Each structure stands twice: as structure tokens, then as C-alpha cells.
Amino acid sequence: MIEIRDLSFSYGREKLFSQLNLSLRPGNICGLLGKNGAGKTTLLKLFAGLLFPQSGETRIMGLRPNDRSPVFLQELSFLPEEFSLPSVSPRKYERLYAPFYPRFKSELFSSYLAEFELDPNQNLDRCSFGQKKKFLLAFGLSTDCTLTLLDEPTNNLDIPSKRQFRKALASVLTEDRLIVISTHQARDLENLIDPIVILDEGQIIFNHPLEEISNRLCVRHQPDPPTADEVFYSEKTMEGYLVVAENTEHEETRLDLELLFNTVIQGRERLSRAFHKESEK
Ligand code: ADP
């Protein structure tokens with residue numbers, strides 16, 4: 001669904017991506033993680049054809065995003081982190097914009113508005129930023145687009161809204177759809193995203209499904225400090241040390257996203273060799 005080869009991109013003279021490669025398949029809610037400024041928003045805009053790469057080959061749903069062709073746009077739903085909305089009600093917005101999406105599901109849209117506690121007839125001008133964001137999520141998920149891009153969707157959402165968002169998202173995935181969610185708040189997307197893609201220093205440094213991650217890595221607590229070459233990552237806790245190591249005993253342990261993120265960022269090279277070794281087996 002998303003195939004990127006040797007993509008380079010810079011804002012002015014500052015090179016952000018150089019020879020970036022990425023392949024993502026449908027049927028997944030992919031989590032794009034990275035520190036602030038890693039380039040997540042830029043990458044999503046490149047997927048959407050809103051920014052143009054300097055070089056490289058980008059094919060999304062078999063099409064070139066920069067052509068911004070109607071067949072591409074009717075299958076793309078993009079929720080940016082920053083947006084402005086017209087001064088209309090959700091109902092009017094639906095009348096204006098739903099016709100661009102051939103499979104738009106009006107009943108589903110109404111049910112999301114109810115779930116998100118949004119008034120279909122209240123002007124969006126009078127909504128808070130979080131309410132506007134929930135409105136756009138409701139609209140975007142109702143388009144039934146093949147590709148959905150969500151940039152930091154949980155920012156500015158309160159705790160109940162985050163729960164509603166997770167519930168809505170979990171119900172829309174089908175085999176032919178791909179949802180890509182960027183975030184620097186890994187915890188909000190726990191148990192929702194798979195595969196995990198990590199962007200750092202202009203490269204995709206990690207792109208693996210959860211199953212492979214749990215086959216490959218295990219987490220344990222131990223009283224004594226580990227030696228550097230026996231673990232990928234460790235942190236000091238009240239009781240001793242929390243360590244992430246190779247899963248040689250096929251243990252089933254739970255590695256949360258924050259711990260995985262820290263492990264990938266710090267143990268990057270050794271980890272990538274270990275995953276490479278695994279994929280060759
Ligand atoms: P992220 O979404 O991971 O926080 P961004 O894609 O927003 O990262 O930004 C990546 C880098 O590109 C940052 O260093 C940012 O300052 C820079 N950047 C983003 N937008 C622009 C722009 N319009 N002009 C110049 N630099 C930009």
C-alpha cells in the first residue's frame with residue numbers, strides 16, 4: 001500500500017530524510033513513533049502528496065501522491081495536527097464534503113458524533129480544539145477511505161475522548177485499509193497499533209510487527225545491574241533494574257511501547273542486527 005524507495009527530502013538546506021525506505025501493508029493500524037522533530041508530520045505530508053520529495057520513488061495505493069489525482073484523494077483521509085475548519089455545522093460539513101468520498105457512511109458518521117458527544121447542528125466555530133479534532137476524526141473514519149493518516153490524533157483529547165477514539169479506531173480496520181498514526185505519546189496507542197515503525201535521524205530505524213517483537217525481546221526485573229552486552233536496554237527502578245534482553249527462552253513478557261521506544265533509540269545498532277538475524281532464520 002505504501003512503498004517508498006530512497007526518498008530524500010529537505011526544507012531548504014536542512015536535509016531531513018536521505019535515502020529513506022519504507023513499506024507498509026494494508027490490514028494494519030501502523031504506529032509511527034519518533035521524538036519531537038524526527039519528521040513524522042513531514043513524512044505523513046509526503047504520503048499525502050502535500051510535500052514533494054527531492055528524489056526517490058513513492059507509490060501509495062499504486063499511485064504517485066504528488067499527482068493528487070481524484071482517484072488518490074477519494075481514498076485518502078488525512079487528519080493533520082493543525083487544521084482550520086469552515087464556519088459550518090457538522091451536518092453542513094457532511095453535505096459539502098462527503099460527496100468527495102464515494103463510500104462515505106452517513107449513519108456511521110452520526111453514530112460517531114453521538115459517541116463523541118458532538119452536536120450535529122452546532123457551528124464548528126463554537127467548538128473547542130479537542131471537539132473539532134473529534135469531529136474531524138468522526139468524519140475521517142466515516143469516509144471509509146483505503147488510507148487514513150492521523151497526525152498526533154490524541155493530542156488535546158481528554159481522557160474519555162481518548163477512550164472513545166481507541167474504540168472507534170479499533171472498529172474500522174478491514175483487510176484492505178491502512179491506518180497510519182503518528183505520535184510521540186506512545187502510551188495513548190498501547191494495544192492499538194501494529195506494526196511499530198520508528199523514525200529517527202532521518203531514517204526508519206525500526207519496522208516490525210508486535211508478534212515478532214515479543215518473539216524477539218523479553219523484559220525482566222533483576223536486582224543487580226546488567227552488563228552492557230547481555231541486554232539491549234536497562235533502566236534503574238526502585239527495586240533494581242528493568243532490562244530488555246533477547247528472548248532466548250521464548251518467554252511471554254509484556255514490553256510496553258515506551259520501553260520499546262527507549263530500547264530502539266538506545267540499543268539501535270545491536271537491536272537491528274538481532275532482528276536481521278531473526279528474519280534470516
Ligand atoms: P515531528 O512531526 O516528528 O515532530 P516534523 O516533521 O514536524 O517532526 O519536523 C521535522 C523537522 O523539520 C523539524 O526539525 C522541524 O523544525 C523542521 N520543519 C518542519 N516544518 C518545517 C518548515 N515548514 N520549514 C522548515 N523546517 C521545517
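Only a predicted model underlies this, so the values are computations on that prediction, with no experimental measurement involved. Note that the numbering runs from 1 along the sequence shown for the chain. Computed from heavy atoms alone, side chains included, the values below leave out hydrogens, waters and symmetry copies. For ligands, and for the atoms within them, numbers begin at 1 and follow the listed sequence.
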**Report entry** Residues that Phe109 engages under ring-ring contact (aromatic ring centres under 6.0 Å, His included), provided they are two or more places apart
**Finding:** Phe104, Phe139
Report summary line: Residue set satisfying ring-ring contact (aromatic ring centres under 6.0 Å, His included) with Phe206, at least two apart, ordered chain then number -> His208, Phe275
Report task. State plainly whether the residues Arg91 and Glu94 are in salt-bridge range, i.e. N to O under 4.0 Å. Result -> yes
**Report entry** Contacts of Thr146 that satisfy side chain to side chain donor-acceptor pair (under 3.5 Å) - sequence neighbours left out
**Finding:** Glu75
Which N or O atoms of ligand 1 sit under 3.5 Å from a protein N or O, and how far apart is each pair?
unit_1   : atom_1 : unit_2 : atom_2 : d
ligand 1 : 2 (O)  : Thr41  : N      : 2.9
ligand 1 : 2 (O)  : Thr41  : OG1    : 2.8
ligand 1 : 3 (O)  : Ala38  : N      : 3.2
ligand 1 : 3 (O)  : Gly39  : N      : 2.9
ligand 1 : 3 (O)  : Lys40  : N      : 2.9
ligand 1 : 3 (O)  : Lys40  : NZ     : 2.8
ligand 1 : 4 (O)  : Gly37  : N      : 2.7
ligand 1 : 6 (O)  : Thr42  : N      : 2.9
ligand 1 : 6 (O)  : Thr42  : OG1    : 2.5
ligand 1 : 8 (O)  : Gly39  : N      : 3.1
ligand 1 : 20 (N) : Tyr11  : OH     : 3.4

Report task. May I ask you to decide if the ring planes of Tyr97 and Tyr93 are parallel, tilted or perpendicular, using 30° and 60° as cut-offs? Result -> tilted
Query - Within 45° cone and under 6.0 Å: Lys134 NZ/CZ vs Phe165 ring - result: no
